[in-house]
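Within every chain, numbering begins at 1; the chains are lettered A, B, ... in the order of the sequence lines, protein sequences first and strands thereafter. Note that the structure is a prediction, hence the values are computed from the model and not measured.
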Amino acid sequence: MQRKYLYPLLVILLTLGYLFFEKYANEKLDQPIVEAGMEVKEHTNDYFLPTSTTGQIVHHNYYSLSYSEPDEQAEWVAYELKKSQLKNSDFERPYFEVDPAVKTKSAHWRNYKKSGYDRGHLCPAGDREFSKQAYEETFLTSNITPQRHDFNAGVWNRLEQKVRYWASQYDGVFVVTGGILKDKIGTIGDEKVTVPESFYKIVYDRSGDNIKMLAFLMNHVESKKPLYSFVTSVDQIEKLTGIDFFPQLEDGLEDKLEASMDYKEWSFR
DNA sequence: CTGCCATTC
DNA sequence: GAATGGCAG
């Protein structure tokens, strides 16, 4: 071969090799060790996880939860939403599956069928569109709660979208969310899945110098009120749930952040 | 985006 | 249950 062809050929081979790696090798690396939902990670980034009042914390690949068997749902679901994870992939919605990682088995989706309530995601599917695996992992019944459709598609959806906006503005946020299980409006299905009377969501931003935290408490009713009118303190949610949020924070900082109802640092655009 | 339901196989 | 299509906020 003539020497003058060597360099272009090398470039082409390297390019093809790189493209191949991008398409196949990365996918392989990204695969779970076992099927979605099966894996319980040995450890996770637990520096932001709340305490469990039920003693059953489950770690999935892209979120963690504390399961309450009497309520047949999680008392909290916690995850980090990174700015780099914000994508729209339009994956096909799969069926909901019983979470095999929950010892007592999470509720079957049939409890929700014709109940009049939505299977409302706690970790939103829309927050996990960066990979098919991450998306499908949100369709475990340990990640859902009965929600009125107008609420889920309304004010709760608005809040979820605002969280995505904040993740884009503040280079990622940590999110903890769940229903206030002590106050139930009723139950649905044979397994008596608790229908919470209200829901909370806590957003924590430690990306910049300005560490901040914001908590929302929403009655389980659709509302057209602005999101900031649902702001409360983490302390208040701790009183209602018995959960200790962000116990890993240095006490002085934790006390300050969790007592605050100040939302002036958060953009409600 | 958040979802449910009916039809057909 | 899978696939399709319609509907609603």
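Considering only side-chain N and O atoms, A:K113 lies nowhere under 4.0 angstrom from the phosphate OP1 or OP2 of B:dG3. When the side-chain nitrogen and oxygen atoms of A:N157 are compared with OP1 and OP2 of B:dC1, none of them lie within a distance under 4.0 Å. The shortest distance between the side-chain N/O atoms of A:R93 and the OP1/OP2 oxygens of B:dC5 is not below 4.0 Å. For A:H121 and B:dG3, the shortest distance from a side-chain N or O to OP1 or OP2 is below 4.0 Å.
In this structure, NZ of A:K201 is placed 12 Å from C1' of B:dT2, rounded to the nearest angstrom. Look at CD on A:E92: it is 8 Å from P on C:dT4, rounded to the nearest Å. Per the geometry, CD belonging to A:E222 stands 11 Å off P belonging to C:dG9, to the nearest Å. Between the OH atom of A:Y95 and the C1' atom of C:dG1 there is a distance of 5 Å, given to the nearest Å. Put simply, CZ on A:R148 is 22 Å from P on C:dA8, counting in whole angstrom units. Whole-Å rounding puts the A:Y112 OH to B:dC5 P distance at 14 Å. Counting to the nearest Å, the C1' atom of B:dT2 and the CZ atom of A:R119 are 13 Å from each other. Here the C1' atom of nucleotide B:dG3 and the CD1 atom of A:I144 are 12 Å apart, to the nearest Å.
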Practice item. Carefully, step by step, assess A:D205 and A:M213 under the rule side chain to side chain contact (heavy atoms under 4.5 Å, CB included). Key: CA-CA 6 Å; A:D205 166 35; A:M213 195 177 280; over 6 Å; no
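Looking only at atom types and distance, the side chain of A:H60 has no donor-acceptor partner in the side chain of A:N143 under 3.5 Å away.
Among the protein residues, A:D118 comes within range of the sugar-phosphate backbone only, with heavy atoms under 4.0 Å from sugar or phosphate atoms but none that close to a base. When heavy atoms are screened at a 4.0 angstrom cut-off, A:G126 is found touching the sugar-phosphate backbone but no base atom. Note on A:R110: only backbone sugar-phosphate atoms sit closer than 4.0 angstrom, heavy atoms only; bases stay farther off.
In this structure, A:W266 and A:V203 have side chains that are in contact, with non-hydrogen atoms separated by less than 4.5 Å. Counting heavy atoms from C-beta on, the side chains of A:K103 and A:Q56 come closer than 4.5 Å.
For the pair A:K83 and A:Y170, the cation does not sit on the ring face, since its NZ or CZ is not both under 6.0 Å from the ring centre and inside 45° of the axis.
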